[in-house]
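Below is one structure; the comments refer to it alone.
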Amino acid sequence: MKDFLGADSMILSSEIPQGKVLATPSDNIDLYYIDPSDADFQQLGLNYTVVGETPLIGVHMEGNYGRVMGETHALMGMKLWAEYLDGIANVSFGDVGSAAVRSAARKSNQV
């Protein structure tokens with residue numbers, strides 16, 4: 001998402017539990033990708049064709065004469081992570097109503 005509630009960019013994930021917000025500046029995010037044309041794949045006998053400056057997707061096509069059809073295989077791998085763990089804000093919050101009750105209870109105990 002871009003320009004949502006004043007944030008330049010947001011990545012939303014269902015992996016983060018309800019009641020928790022994780023945030024970091026975009027400069028702290030690194031992207032690592034697997035080059036499908038890498039020699040490790042070639043050692044296994046897997047040859048993938050990549051196009052472009054950043055080879056994110058590898059494609060291999062071959063004919064299957066036994067079934068009279070073409071087979072296409074595509075491979076992609078990416079991982080995002082934060083370069084500096086201390087640059088991540090990890091905030092938990094609960095029910096707004098219960099927070100107000102706790103706040104009122106603290107005030108009444110201080111009187």
Side-chain angles (χ1 to χ4, degrees):
M1 288 184 147
K2 289 189 176 278
D3 299 325
F4 179 72
L5 296 177
D8 291 335
S9 298
M10 294 178 66
I11 298 173
L12 304 176
S13 173
S14 61
E15 297 295 317
I16 299 172
Q18 184 174 351
K20 184 175 278 289
V21 173
L22 298 172
T24 191
S26 60
D27 294 345
N28 191 35
I29 297 175
D30 286 337
L31 170 67
Y32 177 78
Y33 64 90
I34 297 170
D35 183 351
S37 65
D38 192 288
D40 290 340
F41 290 107
Q42 291 177 355
Q43 288 176 357
L44 295 171
L46 303 173
N47 296 312
Y48 288 91
T49 302
V50 295
V51 177
E53 190 175 312
T54 308
L56 294 176
I57 300 174
V59 176
H60 177 78
M61 295 172 34
E62 61 186 43
N64 184 332
Y65 289 97
R67 295 185 180 159
V68 189
M69 61 186 276
E71 295 177 349
T72 303
H73 306 271
L75 177 69
M76 179 184 77
M78 292 189 295
K79 181 176 182 177
L80 286 173
W81 73 86
E83 184 173 1
Y84 300 103
L85 295 180
D86 59 350
I88 301 172
N90 185 345
V91 180
S92 296
F93 57 92
D95 182 30
V96 175
S98 63
V101 169
R102 284 194 303 271
S103 177
R106 282 191 204 122
K107 288 179 184 178
S108 66
N109 290 334
Q110 294 175 357
V111 177

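This chain uses plain numbering: 1 for the first residue, then up along the sequence.
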L44, Y48: one ILVMFWY side-chain cluster at the under-4.5 Å cut-off?
yes
With hydrophobic residues grouped by side-chain heavy-atom distances under 4.5 Å, do V50 and L46 end up in a single group?
no
All N/O donor-acceptor pairs, side-chain side in residues 72-94, below 3.5 Å, sequence neighbours left out:
residue	atom	partner	partner atom	Å
N90	OD1	K20	NZ	3.0
S92	OG	K20	NZ	3.2

Show me the donor-acceptor pairs, under 3.5 Å and distance only, between side chains in residues 52-61 and residues at least two apart or in other chains.
residue	atom	partner	partner atom	Å
H60	ND1	N47	O	2.9
H60	NE2	E62	OE1	3.0

Can you list everything that forms a side-chain hydrogen bond (donor to acceptor under 3.5 Å, both in side chains) with N64? Sequence neighbours excluded, please.
E71
